[in-house]
Every structure is written in structure tokens, then in C-alpha cells.
Novice: 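One structure, pasted below without further comment.
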Amino acid sequence: MELVNPGTGLVLWTLITFLIVLFLLRKFAWAPIVDALKQRESFIEDSLSAAENAKKEMANLKAENERLIDEAKVERDKIIKEANAAAKRIVEEANADASKEAQKRIEEARVAINTEKQAALAEVKTQVAELSVKVAEKLMRHELSSEASQKALVQDYIKDLNVN
Amino acid sequence: MKIIEKARSFPKQLKISIFALLVLLAVGAPSFAADGGEDEGFSAGDMILHHIADAHEWHFFDGAYGTLYLPVIVYSEEHGLDIFSSSNFYNEAHELVPYNGYIMDHGHIVAEDGAELLDLSITKNVASMFLSAIIMLIVFVSIANRYKKKTMEAPKGLQSFLEPIIMFVRDEIAIPNIGPKYARFLPFLLTLFFFIWINNLLGLLPGAANVTGNIAVTLVLAAIVLVITLASGTKTYWGHIFNTPGVPWWLKTVLPIMPLVEFIGIFTKPFSLMVRLFANITAGHIIILSLFSLIFIFESVAIGPVSVAFATFMYFLELFVALLQAYIFTLLAAMYFGGAVEEHHHDEEHVDPETEKALV
């Protein structure tokens, strides 16, 4: 029975010791420890949510950047296309102008050549006519020197007249 | 050949030792004490009871300096207050002698004239408890300082060992069982848990006192739990006891069985706390001491390794029990507090007794 018979002295000392330990630990250990744990937990929680937010923001920024880059690419392609078209058009216009000019020059040249040719031909004709007249004059002077030949000629003319 | 014979006889010895252990546990310590009285030899019962009982001196080993004599404080109306060293009860030959009108009788101090004494001595258990209190204060105040100075830093050293335990008490014992009002009870639960655990562990050291295996200590702890439970009891709590919902009216008025049972229940809960811790720790000590006693009972060296093997196993079990009992005591205290501060009726309360039973 000794074993299950609580001794008064030990009961008293246990009560005193436990209450003192409880009081001291409560004030100097548990209060700061529990506070610190709570503080640290909320700090970790805040940090995690902040990190999560930062991640989301990063993703947003990245998406924005990509969008901007895509827009810029489209813009660039458009500008290049337009520039290409403009260049082509200019070249074509230049070509067209050049060929027109050339045509015009050629035309002018042709007209000039024709004019020259006509003039030359006219001159040649004049000269041929003059030469012919002169030849005919000389011939006639030589042919019509006799009576017979003059008569033959007249005869010829009359023959022609009859036909007509 | 000899080795083979020895090997063959080993299982026999093992059987004998198990049998002896069973006998020892079944018959119990007092019978051994009776046996010891007859042949004046080694008495396991006396030895075991002596080791698990409180004492006025702290005996580490035999010899001139092996014993620490603790102060005796006795008070009686006739003699007043007397404070002296317990070494006064021993002469040079280490025999008990009367001192100043007091006699040491089987570890108890009585007055020669039969006056009623109030023994407030610093006994072995008290000294060991002071030691555990000092350890707790040093350890927890020092880690608390680190918490104050470096709140946001990762725990280090002893702090990183204790922090998960503190958080376990808070997150697994206090919060689920008490609910949102847990913060009020947390300092007590933490102190209770570490007080029991450290004293359990100190009790396992060779030559140490058996603090938590002493019913006076567990009585005080259970009484504090009872006082806190009653002091924090809400209307719902008292209503559950004297006007239990869901019980026929005549069981509450004409034949007041339910209020009576519930009222007794107020005291049986802490009583079970007291007995559980006391019995578990004392039983562990008795088993280990019994195993060592076998060596002296059989007066054989051969039984030594067997005893050591069993005792080593028991020691590991006791290390676990030391933690487990601290946990159970704290958990049940938290459940009682939770029941006391509960505002509304929940289904959880019906689960509690079952959980409790499972833990017993």
C-alpha cells in the first residue's frame, strides 16, 4: 500500500514546483516561443503569397511582352511589304517612263528620218527631173534635128491620143 | 562439445527466465518480500520496492561518497519545525540511528514519542523534480531568447529539436481537442507535456528517482487538470452534467442516475489520468528491476546476458512509453478542457469516450 499512498511532502513540493515552472515558463518561454512561431508562420504565409503574386505578375508581363513583340512583328512585316510594293511600283513606273521616252525618241527619229528621206527623195527627183529634162533636151536636140524623126514623134503622140 | 552443450542449454535457461519473470509478475513483489524475510538472502521484492519508492537520501553506489544525503524538513506541533541532514540517521558503519528524537523507519521519519509529523523533506523525488524544473527552465528560456532575437530565422540546434514537439502539442493536441480557445490552455499543456516527459526520461537513468511513477506527483498533476477543467467549465459543460441532453426526464429528477454518473465522471477522468501515468511508469521500472533481479535470484552468471537482453528491450520500450504517456496525459487533459469550454453540442463529444478507451 506504500506505493499508492501519496506522501504529503511530495504532494506539496510537486504542487509548488509545477506551479513555479508553469508560471516561469509561461512568462519567459511559452509566450515568446508561441508568438514567434505565429509570427514566423504568418511571415512564411505572406512570403509565399507574395511569391505567388510575383509569379502571376511575371506571367502577365511576359504575356504582355509577347503580345508587343507579336504586334511589332506584324507591323514590321506590313512595312516591309509596303516598301517592297512601293519599290516595285517605282521601278515599274521608271521602266514605263523610260520605254515611253525611248518610244518617243524612236518615233521622233523615225519622223526625222522620214522627213530627211522625203527631202532627199524630193531633191533626187528634182535632180532626176532636171537631169531628165537636160537629157531629153539633149536627146531632143539630137533626135529632132531631122524632119522624119519629128514626124515619127508626132505620130507616136497621136497614136497615144487615140488609145485614150 | 562444451560449446554445443552450452548452446543446447541456452534455450532452457531462456525458458526458465521467462517462467521466472511470469512468476515474479504474477505473484507480485510482496511475496518475494516475504520470501526474502525467511532466508535473509537477496529479496527482489524489497529491492524493487526500495528502488521505486521515495527516499531521504540519493543513493548512487555503495561506498563512502556514493550517497547524497538530502535535507530533512519535519514539522510537528510538539517539536516545531526541524531541518537537518538525513546523514544524521546513519553512523560510521552506515547503520540507522535515532537523531534528535526522530527515527528513520523503513524510509519514513517518525517521532520517538509518537507525535504526528508533517514530513516536508527534500526527498529523492523532490530533488529530482527540482533538477527537471531547472533543466526545463534553462532549456526553454534559452531557446525562447533565440526566438525573441531571431524570430524569422530557421531554428538551430536544440531549438530545431524542440520546435516540432512544441508545434505538435499545439497543432495535434491543443487545437483539435480544445478548438478556437486553445491559446489559454497552451502554456499549461506544453509545461505538462515536457514536465512529464523529462521526468519520465530522468527516471530511466540508472540511480535516478522515480518521480512520475510516484502517485503523489501524478495526483497533483491530475488535480491541477481537474481544477482547470472545473474553473473553465461553461454553461454547456455544467448543463451536460446536471441536465444531460437526450436523457429521459425521470432519470434526471425522480431517479437522478444520470447526474450522479456524470458528477462522478468529473472525478474519474482525472483519477484515470493519475493512475495511468503512475501505473505505466512504475510497471516499467518494476519489469526492468525484476529482470535484473533474476541474476541474483538464480545466482548465475549465465542468466546475465538473458536479463541484459530483456532489460535492453524493455529500456527501448520504456523510452517510447516515456513519450507516449506524456502525450496521452496531455492529450486527455486537452480533451477535458475542450469539453469544458465547448459552447455548442457537437458529435465530437460522443467520440471522446471511445478515443479515451482506446488509449487506455
Novice: With respect to chain A, which residue among B/Lys150, B/Met129, B/Arg170 yields the maximal number of heavy-atom pairs within a distance under 4.5 Å?
Specialist: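 With the most close heavy-atom pairs to chain A, the winner is B/Met129.
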
Novice: Of the listed residues (B/Thr282, B/Ile224, B/Thr218), which shares the most heavy-atom pairs with chain A below a 4.5 Å separation?
Specialist: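 Highest number of heavy-atom pairs under 4.5 Å: B/Ile224.
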
Novice: Measure A/Leu19 against the heavy atoms of chain B and call it side chain, backbone, both or neither at under 4.5 Å.
Specialist: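 Contact with chain B: side chain only.
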
Novice: So for atom CZ, which belongs to A/Phe43, do other residues, nucleotides or ligands contribute more than 12 heavy atoms lying within a distance under 6.0 Å?
Specialist: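 Atom CZ in A/Phe43 is not packed in, count stays at 12 or less.
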
Novice: Give a yes or no on whether B/Phe130 atom CZ has more than 12 heavy-atom contacts from other residues, nucleotides or ligands under 6.0 Å away.
Specialist: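 Yes - once you tally the heavy atoms of other residues, nucleotides and ligands closer than 6.0 Å, there are more than 12.
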
Novice: Please identify, among A/Val34, A/Leu10, A/Val21, the residue contributing the most non-hydrogen atom pairs under 4.5 Å to chain B.
Specialist: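 Looking at each option in turn, the highest pair count goes to A/Leu10.
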
Novice: Within a radius of less than 6.0 Å around CD of A/Glu57, do more than 12 heavy atoms belonging to other residues, nucleotides or ligands occur?
Specialist: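 Counting neighbours around CD of A/Glu57, 12 or fewer heavy atoms of other residues, nucleotides or ligands fall under 6.0 Å, so no.
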
Novice: Identify which of A/Pro6, A/Gly7, A/Ala31 forms the greatest number of heavy-atom pairs closer than 4.5 Å to chain B.
Specialist: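 Ranked by heavy-atom pairs under 4.5 Å with chain B, first place is A/Pro6.
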
Novice: Nearest 0.5 Å please: distance from the CD1 atom of B/Ile196 over to the CZ atom of A/Phe18.
Specialist: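 Atom-to-atom, B/Ile196:CD1 and A/Phe18:CZ are 7.5 Å apart.
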
Novice: Tell me, do B/Thr191 and A/Arg26 make a side-chain contact under 4.5 Å, heavy atoms counted?
Specialist: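 No. Closest side-chain heavy atoms not under 4.5 Å.
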
Novice: Using heavy-atom distances under 4.5 Å, tell me whether B/Arg146 contacts chain A through its side chain, its backbone, both, or neither.
Specialist: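 B/Arg146 has no heavy atom closer than 4.5 Å to chain A.
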
Novice: Examine whether an atom of B/Ser132 lies under 4.5 Å from a heavy atom of chain A, and if so say whether it belongs to the side chain, the backbone or both; otherwise answer neither.
Specialist: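 Neither part.
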
Novice: Who wins among A/Leu12, A/Thr17, A/Ile44, A/Thr8 for the most heavy-atom pairs under 4.5 Å with chain B?
Specialist: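 The candidate making the most pairs under 4.5 Å is A/Thr17.
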
Novice: Check whether A/Phe28 gets within reach of chain B through its side chain, its backbone, both or neither, counting any heavy atom under 4.5 Å.
Specialist: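 Backbone plus side chain of A/Phe28, per the 4.5 Å heavy-atom cut-off to chain B.
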
Novice: Does A/Lys125, at its NZ atom, have more than 12 non-hydrogen atoms belonging to other residues, nucleotides or ligands within less than 6.0 Å?
Specialist: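 Result for NZ/A/Lys125: open.
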
Novice: Counting only heavy atoms not in A/Phe23, do more than 12 fall under 6.0 Å of its CZ?
Specialist: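 Result for CZ/A/Phe23: open.
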
Novice: Sort B/Phe140 into side chain, backbone, both or neither according to what part of it lies under 4.5 angstrom from a heavy atom of chain A.
Specialist: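 For B/Phe140, heavy atoms of backbone and side chain both lie under 4.5 Å from chain A.
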
Novice: For A/Leu22 versus B/Pro187, what's the shortest heavy-atom pair and its separation?
Specialist: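 Looking at all heavy atoms of both residues, the shortest contact is CD1-O, 3.9 Å.
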
Novice: Determine whether more than 12 heavy atoms belonging to other residues, nucleotides or ligands lie under 6.0 Å from atom CZ of B/Phe271.
Specialist: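 Open: at most 12 neighbouring heavy atoms sit under 6.0 Å from CZ of B/Phe271.
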
Novice: For the atom pair CG (A/Leu25) and CZ (B/Phe194), what is the distance rounded to the nearest 0.5 Å?
Specialist: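 Taking CG in A/Leu25 and CZ in B/Phe194, the distance rounds to 10.0 Å.
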
Novice: Do other residues, nucleotides or ligands put more than 12 heavy atoms under 6.0 Å from the CD atom of A/Glu108?
Specialist: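 It does: A/Glu108 CD has more than 12 such atoms within range.
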
Novice: Using non-hydrogen atoms only, which part of B/Leu190 is less than 4.5 Å away from chain A: side chain, backbone, both, or neither?
Specialist: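 Both parts, backbone and side chain.
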
Novice: Using heavy-atom distances under 4.5 Å, tell me whether B/Gln159 contacts chain A through its side chain, its backbone, both, or neither.
Specialist: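 Contact with chain A involves the side chain of B/Gln159 alone.
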
Novice: Can you tell which of B/Ala53, B/Ser121, B/Ser142, B/Ala279 has the highest number of heavy-atom pairs within less than 4.5 Å of chain A?
Specialist: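 So the answer, after comparing B/Ala53, B/Ser121, B/Ser142, B/Ala279, is B/Ser121.
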
Novice: With a 4.5 angstrom heavy-atom cut-off, could you sort out which part of B/Asn214 is near chain A: side chain, backbone, both or neither?
Specialist: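 For B/Asn214, the side chain is the part near chain A, not the backbone.
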
Novice: Is atom CD of A/Gln118 surrounded by more than 12 heavy atoms (other residues, nucleotides or ligands) closer than 6.0 Å?
Specialist: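 Atom CD in A/Gln118 is packed in, count exceeds 12.
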
Novice: Between A/Leu37 and B/Met167, what is the shortest heavy-atom contact and its length?
Specialist: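 Shortest heavy-atom separation between A/Leu37 and B/Met167 comes out as CD1-CG, 3.8 Å.
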
Novice: Using heavy-atom distances under 4.5 Å, tell me whether B/Ile166 contacts chain A through its side chain, its backbone, both, or neither.
Specialist: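 Side chain only.
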
Novice: Using only atom types and a distance under 3.5 Å, with no angle test, would you say the side chain of A/Trp30 pairs donor to acceptor with the backbone of B/Leu186?
Specialist: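 Flag not set: sc A/Trp30 to bb B/Leu186 has no pair under 3.5 Å.
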
Novice: What heavy-atom pair brings B/Tyr147 and A/Ala36 nearest, and what distance separates the two atoms?
Specialist: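 In terms of heavy atoms, the two residues are closest at CD2-CB, 3.5 Å.
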
Novice: Which bit of B/Ile134 comes within less than 4.5 Å of chain A, counting heavy atoms only: side chain, backbone, both or neither?
Specialist: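 No part of it gets close to chain A.
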
Novice: Under 4.5 Å from any heavy atom of chain A, what part of B/Asn145 do you find: side chain, backbone, both or neither?
Specialist: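 For B/Asn145, neither part sits under 4.5 Å from chain A.
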
